[in-house]
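Worksheet: one structure, shown below.
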2 protein chains.
Amino acid sequence: MSQTDTVSRILDAAEVLFAERGFTETSLRTITSTAGVNLAAVNYHFGSKKELIQAVFERFLTPFTGALEAELDRRIASGQPLRVEGLLESLYRVGLGGLRARGLDPQRFMRLLGLAYTQFQGHLRRFIVSRYGESYRRFAGLLAEALPGVDPVTFYWRLYFMLGATIFTLSSYDAIEAILKEDFGAQSSLSETLERLVPAASAMLKVEVG
Amino acid sequence: MSQTDTVSRILDAAEVLFAERGFTETSLRTITSTAGVNLAAVNYHFGSKKELIQAVFERFLTPFTGALEAELDRRIASGQPLRVEGLLESLYRVGLGGLRARGLDPQRFMRLLGLAYTQFQGHLRRFIVSRYGESYRRFAGLLAEALPGVDPVTFYWRLYFMLGATIFTLSSYDAIEAILKEDFGAQSSLSETLERLVPAASAMLKVEVG
DNA sequence: CACCATTTAAAACAGCTGTTTAACTCTGGC
DNA sequence: GCCAGAGTTAAACAGCTGTTTTAAATGGTG
């Protein structure tokens, strides 16, 4: 088994298991046995469990932020003024299609992103901010420009409201979808949900209080 | 030390520690030593760690849902038609003031509620749904009545968007507040944030797509 | 073919986990 | 004043955790 094989087999297994059970609840032994590699391979290739967690996020976030930056470049190059709906569509389309094109599961990505915010892994938050904070700030800045009437503090609170609605909903997508299917018999897809999320989140960002 | 003393000392310590670090990351030894009681007291009084976790939630949720039900009764008895903003205000006012009046910390409540949704404690989700699902359905039903133009499936998705925005934001309230203070020097309070949340969430629930 | 660094393997490490046991202390009722 | 039962205590339990060690195997290069 070549090195890259072992490394990516570990990442594959860790990604699935972390998304299913969380970080603390997933042991290295579970990861290595489902990956079919030796226990010591994790510490050999990644150094520690913490660094494995970071590597899992890196494999998701690097393509994601790369595709997002490219999409933003494209929108700006088009010359048209940036609108809230368009920016959110960009974000979601990249999160959905951009990851899928690279063979990554967008729902798993959302679950992991949700975990990164709510689980108590200080190192992970620091890692993400230092590595991908620049892309985040760029997106937030463009969104703020598209909302000239909203004062900065209100804007940032609403940005967190929007992130909360997105991350929370999508990371529990399977559970919510199952409930709605049982109660209404309504089958829905992830892209349908994002189509509902764009106008809802836009309205939340834009509302004028009087 | 009387029994009630030991029981409530354990609950106090567990509540703080769970909210700070999560369930798996908090050991019974940490809980009992900060509570100043013997390790075996948890298993003696609660049976197991799982049941301790449920007891912590029970102490929060029973007063919360009780106060919410009373508030809804009051609103209905007033005879005025129920509006979205009013219902959200009821929810938040009860979560803030109702808990505080009982000596419970609303921010800790929100952190714990966030954990209940994102941590992988199947028993906890089942416990909460079976115990407090009725109140949840009542509130959701009244909110749906206040939104006659929104079809049921869309309504439920938006309800989850709203819950996500609320739980996510308030459970990370301290962190977000610290960032905004550093960037804008803007001191803000929990009740101010809820005042921002009411119109934002209402707009999200009400928006008409065209 | 032989060399050597890279990679894998099995085993052991110390430390922590939730839970249980058995002995002990205390308190309320007779 | 005593005794049953509730409450507390320290100790031990078995099992799991991330990490390290030591040795064997592998695979590309001279």
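Here is how names work: the chains are called A, B, and so on, in the same order as the sequence lines, proteins then strands, and each is numbered from 1. Because the structure is predicted, anything quoted here is derived from the model rather than measured.
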Interatomic distance, [X] [atom1] vs [N] [atom2] [rounded to whole Å]:
{"X": "A/Asp5", "N": "C/dT6", "atom1": "CG", "atom2": "C1'", "value": "15 Å"}
{"X": "B/Glu25", "N": "C/dG18", "atom1": "CD", "atom2": "P", "value": "11 Å"}
{"X": "A/His45", "N": "C/dA9", "atom1": "NE2", "atom2": "P", "value": "10 Å"}
{"X": "A/Arg21", "N": "D/dC16", "atom1": "CZ", "atom2": "C1'", "value": "14 Å"}
{"X": "B/Leu52", "N": "C/dG18", "atom1": "CG", "atom2": "P", "value": "10 Å"}
{"X": "A/Ile53", "N": "D/dT17", "atom1": "CD1", "atom2": "P", "value": "14 Å"}

Exercise. So which pairs with a foot in residues 174-206 of chain A pass ring-ring contact (aromatic ring centres under 6.0 Å, His included), sequence neighbours left out?
Worked result: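 For residues 174-206 of chain A: A/Phe184-B/Tyr156.
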
For this session: Would you mind listing every ring-ring contact (aromatic ring centres under 6.0 Å, His included) that reaches into residues 87-110 of chain A, with sequence neighbours excluded?
Result: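 Non-adjacent pairs meeting ring-ring contact (aromatic ring centres under 6.0 Å, His included): A/Phe60-A/Phe109, A/Phe64-A/Phe109.
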
Problem set entry | D/dT8 phosphate, OP1 or OP2, under 4.0 Å from B/Thr6 side-chain N/O |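 Checking D/dT8 against B/Thr6, a side-chain N or O does come within under 4.0 Å of OP1 or OP2.
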
Problem set entry | B/Ser27 vs C/dC16: side-chain N/O to OP1/OP2 distance below 4.0 Å |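 Answer is no, no contact under 4.0 Å.
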
Exercise. When you measure from the side chain of B/Asn38, which nucleotide among D/dA10, C/dT8, D/dT17 comes out closest?
Worked result: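 Nearest nucleotide to the side chain: D/dA10.
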
For this session: Indicate, with a heavy-atom threshold strictly under 4.0 Å, whether A/Thr32 touches base, sugar-phosphate, or nothing.
Result: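 The answer is nothing, as A/Thr32 stays clear of every strand by at least 4.0 Å.
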
For this session: Looking at every strand, decide which applies to A/Thr30 at a 4.0 Å heavy-atom threshold: base, sugar-phosphate, or nothing.
Result: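 Counting heavy atoms under 4.0 Å across all strands, no contact is made by A/Thr30.
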
Problem set entry | Residue pairs involving residues 168-179 of chain B (criterion side chain to side chain donor-acceptor pair (under 3.5 Å); sequence neighbours excluded) |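 Sorted result for residues 168-179 of chain B: B/Gln107-B/Asp174.
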
Any N/O pairs under 3.5 Å between the protein and nucleotides 19-22 of chain C? List them or say none.
from, atom 1, to, atom 2, distance (Å)
C/dT19, OP2, B/Asn43, OD1, 3.2
C/dT19, OP2, B/Lys49, N, 3.0

Problem set entry | Non-neighbouring partners of B/Lys49 that pass side chain to side chain donor-acceptor pair (under 3.5 Å), sequence neighbours left out |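 With neighbours one apart ignored, the set is empty.
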
Exercise. Can you list the residues that meet the side chain to side chain donor-acceptor pair (under 3.5 Å) rule with B/Glu192, with sequence neighbours excluded?
Worked result: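 B/Glu192 satisfies side chain to side chain donor-acceptor pair (under 3.5 Å) with no other residue.
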
Problem set entry | Student check: side-chain heavy atoms of A/Val37 and A/Val42 closer than 4.5 Å |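 A/Val37 vs A/Val42: side chains apart.
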
Problem set entry | Note: B/Glu15-B/Arg111 ion pair, threshold 4.0 Å (strictly below) |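 So B/Glu15 does not pair with B/Arg111 through a salt bridge.
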
